[in-house]
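Read through the structure below, which is laid out as structure tokens, and then see the notes.
Below, chains carry the letters A, B, ... as their sequence lines are ordered, and counting in each starts from 1.
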Amino acid sequence: MVIFLQICRNYCKLIKNNVPKMKYLNVAEKNDAAKTISGFLSRGSSRRRDGLSVYNKIYEFNAAVNGRDVQMVMTSVSGHLLNYEFSGAYRNWRSCNPVQLFDATVMKCCPEDSVKIRKTLEREIRGCSALIIWTDCDREGENIGIEIIDVCRNVKNNLTVYRAKFSEITAASVRRALDNLVQPDQRQSQAVDVRSELDLRIGAAFTRFQTLRLQSVFPTIIDSLVSYGSCQIPTLGFVVQRYKEAENFVPQKFWKLKLTHTVGDLTVEFTWARNRLFDKKCCEVFFMLVKQSPPLLATVMSVTQKPKSKWRPQPMDTIELEKLGSRKLKISAKQTMTIAEKLYQQGFISYPRTETNMFSKEINLRGLVEKQAEHPVWGNFAQRVLEWGPNPRNGKKSDQAHPPIHPTKFTTSLSGNEQKVYELIVRHFLACVSRDALGSETLVSVEIGGEEFNASGLLILERNYLDVYIYDRWSAKEIHEYERGTSFYPSTIDMPEGSTTAPQMLTEADLIALMEKHSIGTDATHAEHINTVKERGYIGEVENGYLVPGTLGMGLVEGYDAMSLTLAQPQLRAGLEADLKAICDGTKNPDVVLKDQIEKYREVYKIITERAQILDEKVGFRFNSTPQQNPQAVESHMMEEVFRCPRCGTNKMVLKRKSTNNGVYISCTDYPRCKSVFWLDDVIKDAKVSGQNCQRCGGETKKITMTFKQRDTWMFLNSDTPEYTSCLLCDSALKSLLDIDIEALRRQGGESSNSQGSSSVRNVPSSGYNSATNPSTSSSRNTRPGSDPSRGYDSQRRGGTSSASSASTTSPTCPKCSQQLKKLTVKKAGGNQGREFYVCPTPENPCRTFIWADEMPAPANPPPRSRATNGRGGSDDGTENPTRPRAKRKCAICRREGHTRTNCPQNINPRTKRQKQEET
DNA sequence: GCAAGGTC
């Protein structure tokens, strides 16, 4: 019986083991979070293995999700996985007018340092049926979550996606999150996308303009980057504002009454209840009243004693660490953070980037204090804290991810600034979990001549936290013993003169406080922004750590101000913040906010470029230098968009001039990701985008005005002059002449987007972020499917991709060699099966002539068009240009017929190489 | 050579 039961049990186990478990991929925002969450959900039993990125490990365990036992795989990203970038053609500073950056296509790309993380996600998601997002529960976290989803859906389109919402990383909280999975918050993510896109467009447009303009106007003075950033410039603005307040300060005299009372060695000073008066005569009247009051006795009106305490600090967050580092240690905020990160990596302190200033109940404070109890300097204090019991004076902020900054390991081996920062963190920690300092304050109020004077004394009873927190001062102040109703003769009564003083320059700590108050940057970025404006030379540090504007910074802000632009004031950024919040609340549409903001800044950009001389003058004034007249124009060159790229379907194609200035080509702005290009230089001398839109192709397609080199070419197009205006997308004769196959490009685009999937974020091309493998692109002259030059178009045909049928005897002639074209039919299965086309019959088809029969102009040899009906040198929409016979064309290199210079055996500079050179 | 936001 026992054996039978055992067999049954084993059988059940076997069946159970053979039922494949559901497998879920879980992704957190950072490795630390993934590790802790896995630990809680697995009750410490998770197994760890390496991912492709050394910093982002993979944890595996089983857990119950929606009532089912699921195999969990947990990994992490390191913050944002994707980043907005301009499409290729706009990345070169001189490629376009900076104003075009307000409209240029931007796309989300995976930066090089995130590729390994992305690849881990792509690999792991293949074996999973669902994805759970565990990023931080804030706006950026929501956006990072969507990035993770995009990457994973690109691999697995039908993926089920969940969002785990947690308020802190504790066992109860993450378990609750897993039991109450929700959907990602698209609105919060959209708000971040709007912010990122705007920052990029505005930052790049203004930075390029300012830099190029000022470098051009002051070539011998300015050779560095004159960057504009929505956080950088308001940060500079704060420093300039304080400087100007001091610069414009006019001191004002004031007078006050002062009374002293000396007994023995102790002099007690009484201050006037009216503090000070700016009117000397008025003050003199009071002075007389007091001095002449008989019998010049001060009467004690009240004596009060009350306990007074000096509060211990709150647990330390990033901002506090930066401020203290700057104020107390005289180490810059940025440097303080760099040191703190190093200490963190060595395990001496907890994670230093935290907005939390309260300890959770779950943290073992006693254990942390115990670690410091043996320290030669503050060990005794730690002992006292243990006797009292650690009792933090908690703040109210929590980022729900990290505890306040505290020491995690005891050490006495540090030195220099590392030792100073570690000591600050330890002393602050011990102070914040100890006790407030206690004292007793005595307030004495006296009356003389109808005027009230006050004095105070302080007796310190218990120093408590002050014993360890050397950065705070609390001084005792002795006072005589007074009794209500008694009187005394003042030792002196004076009327001292004083003067108001200019405000001090900002310290770094003041600046951080201002940035925080006006929502400029985040806790994690304040120090970096300050560092950036220092690096740019916009601000500098003088003695005692005070910040002052530099020459360039001052000139810039004065330039903006003179144009009545509020770029250096914090309101612009604050306005955007309000809009972003509205997007999150669902009261504003992200597209509308983006559009409005872009228009707002475009207007500002217009003003700054039109009135750039004012900027020159203001900067020149501060540099004591005269701006150079007629500077090189920054805004003259506009990249001319022609039509949407048939291949990628997202980006525009633009007309470009070769660097050698001897020809033009049209290429996709997304180069090098999309390599669509039409070379026009063989037969065309010059080309420009006309102002006319092509009515047949649609609103955004522009016609091009071309000037042809040879008479037979424009004759072929039935033009009476070398100049010819038409549409490259729909003019068949023109396409044939230039060897352009639009349909082939479209098909390539379709294939590539099918294989790569697409992203759901705004303005992202169908090819997705730059991770996806780029479809192979033809290196032949003007792209054609499978037209690998080594195989050639004919070999493809022979290979059976499309097969020949009978040739027609009434075929038109080849526009290049004048031979009669051969008519064929597509046999390959697909969209064009059965469609007829013409090709040139010469061996290996060197002319590369290809015309769809149904796009063939008719009649074959029409009478020349009159100028009256056709207009000069152009084609009408809706009418095809007839094919005309032309003289046999000779190769430009060897002067032989039957091929062009592209295919000429004597051509030592093959097109493909040249193409690449042009493109790069 | 551009921004700001995450994080080793």
Side-chain angles (χ1 to χ4, degrees), chain A residues 28-35 51 53-57 76-86 90-96 98 100-102 104 106 108 110-111 113-114 116-117 135-136 138-148 188-189 191-212 214-215 222-235 318 337-338 340-347 351-355 399 401-402 515 519-529 531-533 535-536 573 576-577 580 601 634:
Chain A
E29 190 165 319
K30 45 195 161 269
N31 183 62
D32 263 6
K35 183 176 159 189
S53 149
V54 288
Y55 305 109
N56 304 83
K57 305 293 178 193
S76 58
V77 289
S78 290
H80 281 287
L81 189 57
L82 308 176
N83 193 20
Y84 274 122
E85 279 179 21
F86 287 111
Y90 295 94
R91 286 181 205 163
N92 185 310
W93 277 41
R94 297 277 182 185
S95 70
C96 69
Q100 294 187 280
L101 300 175
F102 288 109
V106 292
K108 279 206 168 174
C110 183
D113 56 2
S114 296
K116 283 183 175 170
I117 299 174
T135 47
D136 296 354
D138 55 22
R139 210 195 270 166
E140 295 293 333
E142 217 59 40
N143 187 266
I144 293 167
I146 300 288
E147 290 173 358
I148 296 165
Q188 289 197 47
S189 174
V192 173
D193 279 339
V194 169
R195 198 260 315 141
S196 321
E197 194 181 323
L198 272 172
D199 282 339
L200 175 63
R201 290 187 188 283
I202 297 163
F206 282 86
T207 299
R208 287 187 196 179
F209 171 73
Q210 288 185 167
T211 305
L212 295 176
L214 293 175
Q215 284 182 355
I222 299 176
D223 59 355
S224 58
L225 195 64
V226 190
S227 64
Y228 177 93
S230 52
C231 291
Q232 289 177 27
I233 298 301
T235 303
T318 302
M337 283 311 289
T338 306
E341 269 157 33
K342 200 170 166 195
L343 292 174
Y344 163 70
Q345 278 167 24
Q346 293 169 329
Y351 192 68
R353 280 193 296 244
T354 172
E355 291 175 41
D399 62 13
H402 302 289
M515 292 170 79
S519 302
I520 303 298
T522 66
D523 298 42
T525 58
H526 292 145
E528 278 179 36
H529 293 316
N531 196 52
T532 306
V533 291
E535 278 179 358
R536 299 282 188 262
R573 183 78 188 181
L576 173 63
E577 271 302 315
L580 297 182
Y601 279 94
V634 175

Keeping the roles fixed (side chain from S76(A), backbone from K57(A)), state whether a donor-acceptor pair exists under 3.5 Å. no
Any donor-acceptor pair under 3.5 Å from S78(A) side chain to K30(A) backbone: no
Side chain of [X] only, heavy atoms from C-beta on: which candidate in [options] is closest?
X	options	result
Y351(A)	dG6(B), dC2(B), dT7(B)	dT7(B)
E140(A)	dG6(B), dC2(B), dA4(B)	dG6(B)
A204(A)	dC2(B), dT7(B), dG5(B)	dC2(B)

Kindly say if T525(A) contacts the phosphate of dG5(B), meaning a side-chain N or O under 4.0 Å from OP1 or OP2. yes
Do any side-chain nitrogens or oxygens of T207(A) fall under 4.0 Å of OP1 or OP2 in dA3(B)? no
With sequence neighbours left out, the residues meeting side chain to side chain contact (heavy atoms under 4.5 Å, CB included) with E355(A) are D399(A), D523(A)
Tell me what [X] touches on the nucleic acid: a base, only sugar-phosphate, or nothing, going by heavy atoms under 4.0 Å.
X	result
N56(A)	nothing
G141(A)	nothing
T211(A)	base
Q215(A)	base
F206(A)	nothing

Using heavy-atom distances to pick each residue's nearest nucleotide on DNA chain B, tell me which of R536(A) and A524(A) is more 5'. R536(A)
5'-most by nearest nucleotide on DNA chain B - Q232(A) or V54(A): Q232(A)
Can you list the residues that meet the side chain to side chain donor-acceptor pair (under 3.5 Å) rule with S196(A), with sequence neighbours excluded? none
Whole angstrom value for the distance that separates [atom2] of [N] from [atom1] of [X]:
X	N	atom1	atom2	answer
N143(A)	dA3(B)	CG	P	20 Å
L81(A)	dG5(B)	CG	C1'	14 Å
R201(A)	dA4(B)	CZ	P	16 Å

